[in-house]
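Here is the structure we will look at, set down as structure tokens.
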Protein chains: 2
Amino acid sequence: MARLTNCIAMMNEGIERVSQIIPQMPAVEARLCRLMLMVGSSLEEELEFKLKPHKLNHSDFLTLMILYSRPDGSSTPGELCEFATQGATNMTRITNALVKRGLITRGASAEDRRRVLIRITAAGKRFVQKMLPPMFPRVSAMFADFNDADKRNLSRLLGKLAHNLDQLDPDTQP
Amino acid sequence: MARLTNCIAMMNEGIERVSQIIPQMPAVEARLCRLMLMVGSSLEEELEFKLKPHKLNHSDFLTLMILYSRPDGSSTPGELCEFATQGATNMTRITNALVKRGLITRGASAEDRRRVLIRITAAGKRFVQKMLPPMFPRVSAMFADFNDADKRNLSRLLGKLAHNLDQLDPDTQP
DNA sequence: AATTCATATTTCACTGATGAAGTAAAATGT
DNA sequence: ACATTTTACTTCATCAGTGAAATATGAATT
């Protein structure tokens, strides 16, 4: 146990040593990057773990939740790709899987017949309402010792980082 | 462009709607989770993108960096698995790949001959020293508008979250 | 000496993600 | 009006990562 904490301690020493060999490294920033990556993938692991009993993976779940959170419970593959950050190929697979389970339906759009209309079914909604609540305790536990200022701060800083990443993205590779 | 920002905006609306249907959801915390996941995977994307020209993926890179950051430049597969959070199978594959490129060597341990000693080569060190610096500008740019307090705060909050995740992990699934 | 445990590799089956090409329909240009 | 281009998905082939089980070897225990 204390897997993450352990890795972080090790990383701190590592960064320290590397920054002595390569002093021009932005050590604090590099460390924050690694921290983000570690905590992020640990969180992802945790999520996938909670999804496994429902035979869902992260992208399936995300897709389903996007649909669930829509006022009309519907969307198109293209839109889902954008918000779930998935390739079209993958979205086809996800959609196939969810359709087969009866959680969503696939239909043709009337206005634009290239488009496919994806809609969450009543069963899909019930499914979400049943699987979501058991996750709440763990989500709450993750932030149990965060006070309101902590939460606001984390949100603000992640937002800032997100914004910077957006600005960064289009650049050419180094 | 503004991919992340866009997804975040969409998520905010989604969470809002879901928490109206399911009021017992810890909305703020759930939102922070998703935010972490989004920023985390975007950061990972960015990293993989920077690594691609060097024909490295995240785990290859991490493994190599762990070795590089060691005072003696060496480790064992087991240890690398732990710190790189990889399965043994994968570590064998990674090691094979890096050995083939001459960046590391694999040798038997003298004390315990079950063990395999993995060591970064001089070429491996040179490789790291050459590939690392071009990444610095982007890393710095990510945190360009973070003042010292921001960085300290982010580090503290991520550490706290990491700690909580560690406590969470061993529990049984919901 | 025999048994149990630890370390690492190999093999295999499987899941999930991805890139390239294909299909179909709408939009656009001439 | 027709040809071209663009948009929206799908299909197919492929690949990276994972988990489980089998193997090999060496160390520790009894």
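All chains are named by letter (A, B, ...) in the order of the sequence lines, taking the proteins before the strands, and each is independently numbered beginning at 1.
- Contact annotation: B:Arg113 does not reach the phosphate of D:dT25 (side-chain N/O to OP1 or OP2, under 4.0 Å).
- In this structure, A:Glu45 places its CD atom 9 Å from P of D:dG19, rounding to the nearest Å.
- Without hydrogens or angle criteria, A:Ser41 side chain to A:Leu37 main chain gives a donor-acceptor distance under 3.5 Å.
- Per the geometry, CG belonging to A:Asp112 stands 12 Å off P belonging to D:dT7, to the nearest Å.
- Put simply, B:Arg93 has a side-chain N or O that comes within less than 4.0 Å of OP1 or OP2 on D:dG17.
- Both A:Leu56 and B:Pro77 sit near DNA chain C, but only B:Pro77 has its closest nucleotide nearer the 5' end.
- Residue contacts shown for B:Gly87 are absent, as no nucleic acid heavy atom lies under 4.0 Å away.
- A salt bridge does not link A:Asp60 to A:Lys55: none of the charged side-chain nitrogens sits closer than 4.0 Å to a carboxylate oxygen.
- We find that NZ of A:Lys52 is positioned 7 Å from P of D:dG19, with the value rounded to whole Å.
- Where A:Ala88 and A:Arg114 each meet DNA chain D at their nearest nucleotide, the meeting point lying more 5' is that of A:Arg114.
- Between B:Lys50 and B:Glu46 there is a salt bridge, with a side-chain nitrogen of the basic residue lying less than 4.0 Å from a carboxylate oxygen of the acidic one.
- The listed nucleotides are C:dA24, C:dT18, D:dG26; the one nearest the side chain of A:Asn90 is C:dT18.
- In this structure, CE of A:Met91 is placed 15 Å from P of C:dG19, rounded to the nearest angstrom.
- The side chain of A:Gln86 places no N or O atom within less than 4.0 Å of a non-bridging phosphate oxygen (OP1 or OP2) of C:dG16.
- Taking the side chain of A:Thr76 as heavy atoms from C-beta on, and the options C:dT9, D:dC9, D:dT18, the nearest nucleotide is D:dC9.
- More than 12 heavy atoms of other shown residues, nucleotides or ligands fall within 6.0 angstrom of atom NE2 in A:His58.
- When the nucleotides C:dA8, D:dT10, D:dA27 are ranked by their closest atom to the side chain of A:Arg106, D:dT10 comes out on top.
- Of the candidate nucleotides C:dA8, C:dG16, D:dC9, C:dG16 has the atom nearest to the side chain of A:Asn57.
- Taking only distance into account, the side chain of A:Thr89 meets the base of C:dG19 through a donor-acceptor pair shorter than 3.5 Å.
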